[in-house]
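Numbering of residues begins at 1 and proceeds along the displayed sequence. Values in this document were obtained by computation on a predicted structure and should not be read as measured data. Note that these values count all heavy atoms, side chains included, but never hydrogens, waters or copies made by symmetry.
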Amino acid sequence: MAATATLMDRLAGGRVRLAALETPPWVGLVVAIVSWALIVVFAEPWGRLWGTGQDARCYYQASLADPYLHSSWNDPIAYVYSPAFLQLVSPLTALPWQAFMAAWTAVLIGAVLFLT
């Protein structure tokens with residue numbers, strides 16, 4: 001707590017340059033790659049304590065023939081989105097689940113990179 005207060009005092013006094021607080025770009029790249037790998041490894045939403053991909057599972061299981069087969073809000077894999085989004089994602093659904101999660105997570109990390 002004291003260290004945070006000291007840092008804030010130094011920032012308020014203008015004695016610390018903001019460039020000194022920046023991290024090298026490779027740190028962000030390492031964090032992104034490690035995060036991507038952990039998400040893909042634990043990409044089974046059911047049966048695991050730290051499962052990932054709960055939302056991605058509804059994109060993966062929906063079909064263009066009947067997109068709203070699982071559309072009840074109480075269903076954990078309910079697809080309640082636009083059919084246009086399903087058309088956009090459908091080429092990825094031809095992949096096995098782990099590969100789909102790898103590609104989907106890469107798209108999401110790319111979106112975060114774009115937004116930041």
**Message:** Are L95 and I39 linked, directly or through intermediate hydrophobic residues, by side-chain heavy-atom contacts shorter than 4.5 Å (ILVMFWY only)?
**Reply:** yes
**Request:** Taking all non-hydrogen atoms of both residues into account, name the closest pair between S72 and A78 and its distance.
**Result:** O-CB, 3.0 Å
**Asked** Between V41 and V34, is there a shared hydrophobic cluster once you connect ILVMFWY residues whose side-chain heavy atoms come closer than 4.5 Å?
**Response** yes
**Prompt:** Under a 4.5 Å cut-off applied to non-hydrogen side-chain atoms, are M101 and Y60 in contact?
**Reply:** no
**Request:** Indicate the atoms forming the closest heavy-atom contact of W104 with A56, along with that distance.
**Result:** CD1-CB, 3.9 Å
**Item:** Flag side-chain contact, heavy atom, 4.5 Å: Y59 against L86
**Value:** no
**Prompt:** Honestly curious: do L113 and V30 fall in one hydrophobic cluster under the side-chain, below-4.5 Å linking rule?
**Reply:** no
**Asked** OG1/T93 to CD/Q61 distance, rounded to the nearest 0.5 angstrom?
**Response** 10.5 Å
**Asked** Which pair of non-hydrogen atoms, one from A62 and one from P67, has the smallest distance, and what is that distance?
**Response** CB-O, 4.2 Å
**Prompt:** Within a strict 4.5 Å, meaning less than it, do heavy atoms of the L108 and T105 side chains meet?
**Reply:** no
**Request:** For L64 and Q87, work out which heavy atoms get closest and say how close.
**Result:** CD2-CG, 3.7 Å
**Item:** Minimal non-hydrogen separation, F100 against V89, with atom names
**Value:** CE1-CG1, 3.9 Å
**Prompt:** Are the side chain of Y81 and the backbone N or O of A84 linked by a donor-acceptor pair below 3.5 Å?
**Reply:** no
**Asked** Do you know which two heavy atoms are closest between A32 and I109, and how far apart they sit?
**Response** O-CD1, 3.7 Å
**Request:** Identify whether F114 and W36 are in the same connected component of the hydrophobic contact network (ILVMFWY, side-chain heavy atoms under 4.5 Å).
**Result:** no
**Message:** Are the side chains of P83 and Y68 in contact, using a 4.5 Å heavy-atom criterion?
**Reply:** yes
